[in-house]
Amino acid sequence: MAIFSDFAGYIKACILFLWVGIKEFISGLSASWSWSYLWGVWLFLVIFLVYFLRGPLKLIENLGAMSVFMSSLTPKFYVALTGTSSLLSGIILVFEWWYFRKYGTSFIEQVSVNHLGPLLGGDDAETNSQITNENKQKCKVWKNPLNLLRGCEYNRFLWVTGMEPLTYYDMNLSAQDHQTFFTCDTDSLRHADSIMQKAWRERNPKSRIKAAHQALEDDPDCSAGYILLAEEEATNILEAEKMFKKALKSGEVIYRKSQLLQHHSSVHESEHRRDSNVLVYIKRRLSMCARKLGRTKEAVKIMRDLMKEFPLNDLNIHENLLEALLELQAYSDAQALLYKYDDISLPKSATICYTAALLKARAVCDKFSLEVATKRGLSPAEMSAVEAIHRAVEFNPHVPKYLLEMKNLILPPEHILKRGDSEAIAYTFYHLPHWKNVDGALNLLHCTWEGTFRMIPYPLEKGHLFYPYPNCTENADRELLPSFHYVSVYPKKEWPFFIVFVGCLCSFTAMLAILTHQYPDLMIIIAHGISECLGVLIQPFAYLLEKIDGLMPTSLWHVLTRI
């Protein structure tokens, strides 16, 4: 009965300590630290209980009896024990390895995160549903809104270096885009359009250019023919701009005609969609030519007008506009544009995330010092900038190495994989000068990005602000980027902890089983020696506990039972 009364007192003490912890949690402690605090209190109480119940539970006598039992065991027991342990750990290892190969994650870790985690730390169902919806599109390949002109930019690289800047896979995706954008079902009714329909499917550049000339000979107002020549035959930006201006004249005439007939039938609707795509593409390319020729204000005006006239286009013109505004150092206009497109429901990109980080870093980076920040802590503005960098690095961890010029930069591909190396190259190719224009921005990024990435939990399996980092980025980037480029696979996918742990455990127990079977007497001597060493190591702690027990009043336990 005395034991039960002591146990009741222990329960009262536990409730008291837990109540104190809950009060501190409510008074303003962060959730993660509070849970650590409560678990620490619980562990302390368990140790406290075991120590003070060592007498009623006869722990010392039981430990002595166990040591006598262990010393009387025969070698056959050790052989059976180690063999059984090795077999069980081997079975677990095989299952974990099979599950990892099939699903890309550890079974034990998945159960811990998905089932035990919500019980211990809570979960947000709305956030999980949003992550699931975003995860469906995680490996989608996107058209690069800042891609270069093949004739006067990509071909120049080929002439100088003799290396192909674009991969076959990347150009094949562009051919599919051109067929979708610039063709429709009625092209076969007009000879020039049917020629261009075949030209977009041609794999040989000379054949495409020849077909474009044939289409223009048949119909001088064939805007698609001018587009192809501006993209691939023009050898400089001025020539490309002249071609696009010719395409714009014919494209606007065709667009007005189809606009009047668009509601007459589904065929006319398809033609109008094709003509509007052609017009949007031409104006976007003209704005990019103006930007490259130094007429940045003109480029900004074209982009703004285009976004007002065609608000539902899917060419991501706002990213071109952001880059041009940063070139003009119109930071307030860039911030206003970010407010519109950096919405929680819209797809993110490296341009959006890193531009937001740059604009917030601009307010503090000129006076930022790592030594001073370490001593006095971060100010609210500095904390906001660091959090923006954290967000950007989690979205695409490849960008900082290019911005800090720790990795060689190449020409961007025509298509990118969001959060991949291809997107990092495309972003840095145009935005590195803007980071250099903001004094101290690269220094702030250098001081924070590595620590930021270490804070992201398991980038390939978990996500804090975004959906988990996609496993497919490496393979897709290798197809999008040229062979001479060293594809960044950072963060590297590592084996889950439990697979490594179970593998080491299996190997260790198997080794013990073999040694125990071959040298039973020697292994028993080693086991006894290890137990004696552990006893020697434990003696200082036992001595310390005895001294603490002697210093404590004998009535302490009775006082606790009365609380």
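Being a predicted model, the structure only gives us computed values, none of them experimental.
- When every heavy atom of Gly225 is checked against every heavy atom of Leu216, the shortest pair comes out as C-CD1, 4.2 Å.
- Judged as a side chain to side chain contact (heavy atoms under 4.5 Å, CB included), and not counting sequence neighbours, the contacts of Pro205 are Arg208, Glu232.
- Here the side chains of Asp177 and Trp200 are not in contact, with every heavy-atom distance at 4.5 Å or above.
- Although no hydrogens or angles enter the test, the distance criterion places no donor-acceptor pair under 3.5 Å between the side chain of Asn172 and the main chain of Tyr168.
- Here the side chains of Val278 and Ile282 are in contact, with some heavy-atom distance below 4.5 Å.
- Thr428 places no side-chain N or O within 3.5 Å of a backbone atom of Ile425 that could act as its donor or acceptor partner.
- Going from atom CG of Leu146 over to atom CG of Asn320 covers 5.0 Å, rounded to the nearest 0.5 Å.
- Judged by distance alone, the side chain of Asp170 and the main-chain N or O of His415 form a donor-acceptor pair under 3.5 Å.
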task: Go through the steps for Tyr226 and Phe244 under the test ring pair (Phe, Tyr, Trp, His ring centres under 6.0 Å), then give the verdict.
output: CA-CA 7 Å; Tyr226 289 117; Phe244 280 123; over 10 Å; no
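- Considering only heavy atoms from C-beta on, Pro400 comes within 4.5 Å of Tyr354 through its side chain.
- The ring pair (Phe, Tyr, Trp, His ring centres under 6.0 Å) pairs that include a residue from residues 290-320 are Tyr255-Phe310, His318-Tyr341, where partners are two or more places apart or lie in different chains.
- The side chain to side chain contact (heavy atoms under 4.5 Å, CB included) check on Ala336 picks up nothing, with sequence neighbours excluded.
- For Lys246, the NZ atom is loosely surrounded, since the number of other residues' heavy atoms within 6.0 Å does not exceed 12.
- Within the 4.5 Å cutoff, no side-chain heavy atoms of Lys348 are placed close to those of Lys418.
- By the side chain to side chain contact (heavy atoms under 4.5 Å, CB included) test, Asp305 is found to be paired with Lys301, residues two or more places apart in sequence or in another chain being considered.
- No donor-acceptor pair under 3.5 Å is formed between the side chain of Ser384 and the backbone N or O of Pro380.
- Heavy-atom contacts from other residues, nucleotides or ligands closer than 6.0 Å to CG of Asn437 number more than 12.
- Of the candidates Asp333, Ile317, Leu337, Arg304 forms a side chain to side chain contact (heavy atoms under 4.5 Å, CB included) with just one, namely Asp333.
- Panel note: side chain Asp421, backbone Ser488; a donor-acceptor pair is recorded below 3.5 Å.
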- request: Evaluate the criterion side-chain contact (heavy atoms from CB on, under 4.5 Å) for residue pair Leu445 and Trp435; output intermediate values, then yes/no.
  value: CA-CA 10 Å; Leu445 179 68; Trp435 281 81; 4.2 Å; yes
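- A 4.5 Å side-chain heavy-atom check between Phe157 and Ile410 finds every atom pair outside the cut-off.
- One distance of note links CG of Leu409 with NE2 of His485; it measures 8.5 Å at 0.5 Å rounding.
- Between Asn147 and Pro413, the shortest heavy-atom contact is CB-O, 4.3 Å.
- Taking the six-membered ring for Trp and thresholds of 30 and 60 degrees, His178 and Phe182 have nearly parallel ring planes, at less than 30 degrees apart.
- Under the side chain to side chain contact (heavy atoms under 4.5 Å, CB included) criterion, Lys401 pairs with Met406, Lys407, Trp449, sequence neighbours left out.
- Both tests pass for Arg419 against the ring of Phe395: distance under 6.0 Å to the centre and angle within 45° of the axis.
- For Tyr339, the OH atom counts as loosely surrounded, since its 6.0 Å shell holds 12 or fewer non-hydrogen atoms of other residues, nucleotides or ligands.
- Residues Leu148 and Phe429 are in side-chain contact: their nearest non-hydrogen atoms beyond the backbone lie under 4.5 Å apart.
- Nearest heavy atom pair, residue Arg203 against residue Ala175, reads NH1-CB, 3.8 Å.
- Proximity of Val438 to Cys365: side-chain heavy atoms (C-beta onward) are separated by under 4.5 Å at one or more points.
- The line from SG of Cys289 to CD of Glu239 is 11.5 Å long, rounded to the nearest 0.5 Å.
- For the atom pair Glu394 CD and Asn396 CG, the distance stands at 11.5 Å (nearest 0.5 Å).
- Here the side chains of Leu149 and Tyr154 are not in contact, with every heavy-atom distance at 4.5 Å or above.
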field: Full working for side-chain contact (heavy atoms from CB on, under 4.5 Å) between Leu417 and Trp142
entry: CA-CA 6 Å; Leu417 187 69; Trp142 300 71; 5.8 Å; no
message: Run Thr180 and Gln176 through side-chain hydrogen bond (donor to acceptor under 3.5 Å, both in side chains) and show every step you take.
response: CA-CA 6 Å; Thr180 304; Gln176 296 175 16; over 6 Å; no
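- Across all non-hydrogen atoms, the minimal contact from Gly420 to His398 is C-CD2, 3.6 Å.
- A salt bridge is defined here as a Lys NZ or Arg NE, NH1 or NH2 lying under 4.0 Å from an Asp or Glu carboxylate O, and Lys360 with Glu387 fails to meet this definition.
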Could you tabulate the donor-acceptor pairs under 3.5 Å formed by side-chain atoms of residues 290-297, not counting sequence neighbours?
residue	atom	partner	partner atom	Å
Arg291	NE	Glu323	OE1	3.0
Arg291	NH2	Glu323	OE2	2.9
Arg291	NH2	Glu327	OE1	3.3
Lys292	NZ	Glu153	OE1	2.9
Lys292	NZ	Glu153	OE2	3.3
Arg295	NE	Glu298	OE1	2.6
Arg295	NH2	Glu241	OE2	2.2

task: Give the intermediate values and the outcome of side-chain contact (heavy atoms from CB on, under 4.5 Å) for residues Leu166 and Glu414.
output: CA-CA 8 Å; Leu166 298 174; Glu414 293 185 339; 3.7 Å; yes
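- For the pair Ala211 and Ala199, the tightest heavy-atom approach, listed with the atom from each and the gap, is CB-CB, 3.6 Å.
- Rounding to the nearest 0.5 Å gives a distance of 9.5 Å between OG of Ser174 and CG of Asn144.
- Between Thr235 and Arg156, the shortest heavy-atom distance links the atoms O-NH2, 3.7 Å.
- Within the 3.5 Å criterion, the main-chain N or O of Ile302 finds no donor-acceptor partner in the side chain of Arg284.
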- request: Begin from the C-alpha positions of Thr167 and Leu481 and carry the test side-chain contact (heavy atoms from CB on, under 4.5 Å) through to its verdict.
  value: CA-CA 6 Å; Thr167 63; Leu481 298 173; 5.7 Å; no
- request: Test side-chain hydrogen bond (donor to acceptor under 3.5 Å, both in side chains) on Ser349 and Glu319 and set out the steps.
  value: CA-CA 9 Å; Ser349 66; Glu319 296 196 8; 2.9 Å; yes
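- More than 12 heavy atoms of other residues, nucleotides or ligands sit less than 6.0 Å from atom CG of Asn204.
- The CD atom of Glu233 sits 11.0 Å away from atom CG of Asn155, with the distance rounded to the nearest 0.5 Å.
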